[in-house]
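A short worksheet on the structure shown next.
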Amino acid sequence: MKIKEIKVFVCCPGRNFVTIKVITEDATYGIGDATVNGREMAVVAYLEEHVIPCLIGKDAQQIEDIWQYLYKGAYWQNGAISIAAISAIDMALWDIKGKIAGLPVYQLLGGKSRKAVTVYAHVNGETVDDVLNNLEVAIDQGYKVARLQCTIPGIAGTYGTLGKKKNYYELQGDRPLPPEHGWSTTKYLNFITELFKQARERFGYDIELCHDVHSRLTPIEAVQLGKMLEPYRLKFLEDPVTYENTDGYQVIRNQTAMPLALGEKFNTIWDAKPFIENQTIDFVRTAATHGGGITALKKLADFAALYHVRMAPHGAPDLSPICFMAHMHLDLWAPNFGVQEFIGFGTSTLNEVFKYKAELKDGSIHIEDVPGIGVDFDEAAAEKYPYKRSYLPVTRLEDGTLWSW
Ligand code: CS2
Ligand code: MG
């Protein structure tokens, strides 16, 4: 079954998304997500100039060979831009294979290991009371796991909270240049324990809690934080330290019992390898769009399982519903699935462009048995929402030093 055409779309139904559609000679098609937040057009150029011309006429059924061809064959193996392109092609080919087989992708991976996919909700606010009131709402809605983030007193624009916005999908339409946010590790460490202390006092230990540090600490500061939060038994602390510092995680690991999650920025299984084989992390956060698609994530899950590391795929709003649904299949299959990040089903605008069926019940997502990945992309609707250049913020310390956002 030969590939006849591959189309690339960039649209902004609230957020910018890069979507591809692979069409075969017999008019079967599959879709994939190639979004790299803030660098969308670089992926488009990579796809149009360097990927698509090489794939026309190739057999759409040979997913593994096409993956190797785009990865090894490029000579320049990794990097966020090229991997997003490979990931999108890979997803689209799994979608096609599912459609040909008449089976949902999780069946092609080996079938279901569980009934539904447990997700963690984003719970945030401007004050501890705000966050805890929102946590009460989440618990009432049936969530079993929640990520708590709070504005830190005295720091402008703290990561992970919504500020004046009501919905995550509003966050990126108005940032044609990167806004600048502040950071102070001292203010953060002086405050953050209170959030989890009060959460446990008010809600007890049945609700599982996570927290994302967004790579803003040094390893020894992360040790301090880990020890401070140990009594509140988090499910995981995410990205305490930037992932380039592999040994830094050993420092944290050796000194606190805090479970660690890492990997939303990993591009390959090789990025994850040292953290997994040295058992310095507990959850690996790699997304299908940024880590090599379904083919690569299946290998990553199998490798992680050998070391009791569980999958907790990234589920931010800058990953499109195609990636979200690809994760549903992987999460249903992976024997070592942990938890899936979830920020809601999005706005009516988003759902006008991406059509899929998934339902949230008791803190878990259930999907319907449809062939392939189970998402459709409405080209005409997408045209109504053209790309808008938009950036993540950058962070500076109080003295002006550039820091990790
Ligand atoms: C975050 C993301 O969801 C998360 O855990 O770290 O929101 C991240 O900031 C964005 O995906 C960056 O594009
Ligand atoms: Mg994160």
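Every number for a ligand or one of its atoms is a count from 1 in the order of the listing.
Ring centers of Y120 and F236: under 6.0 Å apart, within the cut-off.
Ring-plane geometry between Y71 and W270 is classed as parallel, the angle between the planes falling under 30 degrees on a 0 to 90 degree scale with a further cut at 60.
Near A316, meaning under 4.0 Å from any of its heavy atoms, are these atoms of ligand 1: 2 (C), 3 (O), 7 (O), 11 (O). In the vicinity of N37, heavy-atom distances shorter than 4.0 Å reach the ligand 1 atoms 12 (C), 13 (O). The D212 neighbourhood of ligand 1 comprises atoms 1 (C), 4 (C), 5 (O), 6 (O), with distances under 4.0 Å to a heavy atom of that residue. Each of the following atoms of ligand 1 lies closer than 4.0 Å to a heavy atom of W405: 9 (O). Proximity to R285 (heavy-atom distance under 4.0 Å) selects the following atoms of ligand 1: 4 (C), 5 (O). Below 4.0 Å from some heavy atom of E238 lie the following atoms of ligand 1, by number and element: 5 (O).
Considering R39, K265, E264 only, the shortest heavy-atom separation from atom 5 (O) of ligand 1 involves E264. Distances from atom 11 (O) of ligand 1 to the heavy atoms of D239, T35, D318 put D318 nearest.
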Test side chain to side chain donor-acceptor pair (under 3.5 Å) on N78 and T268 and set out the steps. CA-CA 7 Å; N78 49 18; T268 69; 5.1 Å; no
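Looking at E341 and H122, their side chains do bring a donor and an acceptor atom within 3.5 Å of each other.
Relative to the ring axis of F377, K21 does not place its NZ or CZ within 45° and under 6.0 Å from the centre. Annotation: cation-pi pair K99/Y29 present, NZ/CZ under 6.0 Å from the ring centroid and within 45° of its normal. Y205 carries R200 over the face of its six-membered ring, with the cationic atom under 6.0 Å from the centre and within 45° of the normal. Both cation-pi conditions hold for R216 and W183: the charged atom is under 6.0 angstrom from the six-membered ring centre and inside a 45 degree cone around its axis.
The N, O or S atom of D212 lying closest to the Mg ion (ligand 2) is OD2.
Rounding to 10 degrees gives 90° for the angle at the Mg ion (ligand 2) between OE2 of E238 and OE1 of E264.
Any N or O atom pair closer than 3.5 Å counts here, and H214 shares at least one such pair with ligand 1.
By the criterion of a heavy-atom distance under 4.0 Å, the side chain of L392, and not its backbone, is placed next to ligand 1. Residue contacts with ligand 1 for R147 involve side-chain atoms from C-beta outward but no N, CA, C or O (heavy atoms, distance under 4.0 Å).
With hydrogens and angles disregarded, a donor-acceptor distance shorter than 3.5 Å links the side chain of N267 to the backbone of H290.
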